[in-house]
Amino acid sequence: MTVALIVAAGRGHRLGGPIPKQYRLLDGVPILRRTAEALRRHASMRAVFVVINPADRALYDEAMSGLGLPEPVAGGASRQESVRNGLEAIASVAPERVLIHDGVRPFVAPDVIGAVIGALDRVPGAVVGVPVTDTLKRCSGAIVTGTVDRADLWRAQTPQGFRYDAILGAHRLAQTAHRGRDFTDDCAVAELAGLAIEMVPGSEENFKITTEADLLRAEALLRERARALAG
Ligand SMILES: Nc1ccn([C@@H]2O[C@H](COP(=O)(O)OP(=O)(O)OP(=O)(O)O)[C@@H](O)[C@H]2O)c(=O)n1
Ligand SMILES: C[C@](O)(CO)[C@H](O)COP(=O)(O)O
């Protein structure tokens with residue numbers, strides 16, 4: 001059994017605005033609803049669980065009305081803590097596989113979801129990413145101090161999929177043996193636990209809505225898709 005765990009307990013500081021970004025509307029539909037629907041419509045997805053900030057419960061109920069999702073899980077002060085809370089909360093479901101996904105990546109494609117699930121037949125972890133195509137510079141303030149070799153470098157996205165028991169154990173290890181360290185994605189937690197992880201090619205369209213520019217980009221992408229459908 002494969003389930004999705006969507007993390008949506010953040011505050012969206014880099015975007016700002018009147019409400020946390022996951023509840024902002026994209027062409028009239030909340031971003032988080034779009035994300036949940038993208039995962040839920042995949043034939044291999046048995047259930048979708050969402051991790052939220054309890055202070056957002058009214059926003060969540062309005063945004064997700066009619067989807068019939070399970071009770072949301074209370075997130076934590078970091079993405080890592082929110083994921084761990086979500087993993088612990090679904091232990092009774094005992095899924096074989098879990099795809100952990102950012103609530104603000106609404107354009108995840110079904111073929112990418114399928115590729116992550118398929119990879120889990122081979123390895124305990126799979127991360128979606130895109131190769132780095134720009135030259136990377138390291139800076140000290142505004143001064144360039146070096147160039148980072150971009151060979152074999154990828155920009156990680158989500159979903160990041162795992163065999164459930166393996167990633168639950170990895171998060172528990174990070175919480176005990178590596179307490180205080182903040183890992184910005186679950187792949188890093190899995191690496192620390194020594195899990196073999198496969199990189200699955202993603203897409204530039206599977207971007208994370210982080211800033212105002214991303215929100216404008218998302219609106220433009222929807223308009224472009226609507227025009228393509230209209231022919
Ligand atoms: N304590 C947190 C922090 C983040 N997230 C989720 O992790 C995903 C990726 O995080 P990010 O894009 O950084 O979202 P925010 O933390 O809300 O953004 P910011 O850093 O700008 O405040 C988002 O869906 C966010 O809601 C979470 O569930 N719990
Ligand atoms: C998980 C992630 O989206 C992979 O690129 C990224 O690490 C999230 O970082 P954020 O700072 O929590 O947005």
Side-chain angles (χ1 to χ4, degrees), residues 4-24 26 30-39 48-57 59-60 63-64 69 72-90 98-109 112-113 116 125-132 134 136 153-162 167 170-171 174-175 180-192 197-215 217-218:
L5 183 67
I6 297 175
V7 283
R11 298 295 79 193
H13 292 307
R14 286 170 285 181
L15 176 59
I19 57 175
K21 62 183 178 181
Q22 54 269 37
Y23 300 105
R24 295 284 290 273
L26 266 184
I31 290 168
L32 181 57
R33 187 183 184 97
R34 288 181 179 275
T35 304
E37 288 180 329
L39 287 165
V48 174
F49 298 89
V50 185
V51 183
I52 69 168
N53 183 317
D56 299 339
R57 182 62 195 255
L59 286 168
Y60 174 84
M64 312 300 268
L69 298 183
V73 178
S78 67
R79 183 185 183 283
Q80 181 183 338
E81 186 178 347
S82 291
V83 171
R84 188 175 65 250
N85 288 359
L87 291 172
E88 294 286 3
I90 64 173
V98 59
L99 270 58
I100 304 167
H101 188 56
D102 295 330
V104 289
R105 289 185 191 266
F107 300 112
V108 57
V112 170
I113 295 168
V116 172
V127 58
V128 176
V130 290
V132 169
D134 298 312
L136 299 177
L153 289 189
W154 292 66
R155 292 170 23 235
Q157 301 178 335
T158 69
Q160 300 188 1
F162 304 91
I167 192 62
H171 266 277
Q175 172 69 357
R181 289 183 61 181
D182 183 26
F183 299 93
T184 55
D185 78 346
D186 304 291
C187 185
V189 173
E191 292 163 50
L192 197 72
I197 304 159
E198 187 173 306
M199 178 61 74
V200 172
S203 156
E204 290 296 346
E205 289 193 352
N206 184 33
F207 62 94
K208 177 162 65 75
I209 298 174
T210 307
T211 64
E212 183 67 26
D214 296 324
L215 195 58
R217 181 182 173 192

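All residue numbers in this chain count up from 1 along the given sequence. These figures come from a predicted structure and were not determined experimentally. Read the numbers this way: they start at 1 and go in the same order the structure lists the ligands and their atoms.
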Which ligand 1 atoms, with their elements, are less than 4.0 angstrom from a heavy-atom of S78?
1 (N), 2 (C), 29 (N)

List every atom of ligand 1 that sits less than 4.0 Å from any heavy atom of H13, numbering the atoms from 1 in the order shown and giving each element.
19 (P), 21 (O), 22 (O)

Side chains of L32 and Y60 in contact at under 4.5 Å (non-hydrogen atoms)
yes

Taking 4.0 angstrom as the limit and counting only heavy atoms of K208, give me the atoms of ligand 1 inside it, by number and element.
9 (C), 12 (O)

Separation between CD1 (I209) and CZ (F107), nearest 0.5 Å, reads 5.5 Å

Which of the atoms in ligand 1, numbered in the order shown and given with their element, are less than 4.0 Å from a heavy-atom of A77?
1 (N)

Counting from 1, what ligand 2 atoms have a heavy atom of R79 closer than 4.0 Å?
1 (C), 12 (O)

Taking side-chain contact (heavy atoms from CB on, under 4.5 Å) as the criterion, tell me which of I197, T158, D186 meets it with V127.
I197

Closest to atom 28 (O) of ligand 1 among protein heavy atoms sits A9 N, 2.9 Å

May I ask you to identify the nearest protein heavy atom to atom 29 (N) of ligand 1, giving residue, atom name and distance to one decimal place in Å?
S82 OG, 2.8 Å

Where is the tightest heavy-atom contact between R33 and A63, given as atom of each residue plus distance?
NH1-O, 2.9 Å

Under 3.5 Å: N/O of G103 near N/O of ligand 1
yes

Return yes or no for this condition: an N or O of D102 is under 3.5 Å from an N or O of ligand 2.
yes

Between the main-chain N or O of C187 and the side-chain N or O of Q160, is there a donor-acceptor pair closer than 3.5 Å?
yes

If you look at every heavy atom in S203 and Q157, which pair is closest and at what distance?
O-NE2, 2.8 Å

So is G75 close enough to ligand 1, meaning a heavy atom under 4.0 angstrom away?
no

Here the pair of heavy atoms bringing V51 nearest to A74 is CG1-C, 4.0 Å

Can you pull out the closest protein heavy atom to atom 15 (P) of ligand 1? Residue, atom name and distance to 0.1 Å, please.
G12 N, 3.8 Å

Atom 6 (C) of ligand 1: nearest protein contact (heavy atom, Å)
V7 O, 3.7 Å

Protein residue, atom and distance nearest to atom 12 (O) of ligand 1, heavy-atom basis
K21 NZ, 2.9 Å

Would you check, one step at a time, whether the test salt bridge (charged side-chain N to carboxylate O under 4.0 Å, His left out) holds for D182 with R79?
CA-CA 9 Å; D182 183 26; R79 183 185 183 283; over 6 Å; no

Specify the closest pair of heavy atoms between L15 and T211, including all atoms of both residues, with the distance to one decimal.
CD1-C, 3.4 Å

Judging by distance only, is a nitrogen or oxygen of T210 under 3.5 angstrom from one on ligand 1?
no

Region of E81 engaging ligand 1 - heavy atom pairs below 4.0 Å:
neither

Atom 25 (C) of ligand 1: nearest protein contact (heavy atom, Å):
G10 N, 3.8 Å

Heavy-atom proximity to atom 11 (O) of ligand 2 ranks first, among H101, R14, R105, for R14

Is there any N or O on Q157 that sits under 3.5 Å from an N or O of ligand 2?
no

Distance-only donor-acceptor check, side chains N85 and S82, under 3.5 Å
no

With heavy atoms only and a cut-off of under 4.0 Å, state how R11 meets ligand 1: side chain, backbone, both or neither.
backbone

So for P20 against ligand 1, with non-hydrogen atoms under 4.0 Å, the contacting part is neither

Numbering the atoms of ligand 1 from 1, which are under 4.0 Å from a heavy atom of V104?
23 (C), 24 (O)

Please write down residue, atom name and distance for the protein heavy atom closest to atom 8 (C) of ligand 1.
D102 OD1, 3.5 Å

Measure across V128 and M199 and return the closest heavy-atom pair with its distance rounded to 0.1 Å.
C-SD, 3.9 Å

K208-ligand 2 polar pair, N/O distance under 3.5 Å
yes

Which atom of E81 lies closest to which atom of S78, heavy atoms considered:
N-OG, 3.0 Å

Using a strict 4.0 Å cut-off to heavy atoms of T158, name the atoms of ligand 2 that fall inside it.
1 (C)

To which protein heavy atom is atom 1 (N) of ligand 1 closest, and what is the distance rounded to 0.1 Å?
G76 O, 2.9 Å

Can you confirm whether V189 sits close enough to F162 that some side-chain heavy atom of one is under 4.5 Å from a side-chain heavy atom of the other?
no

Checking R105 side chain against N206 main chain: does a donor-acceptor pair fall under 3.5 Å?
yes

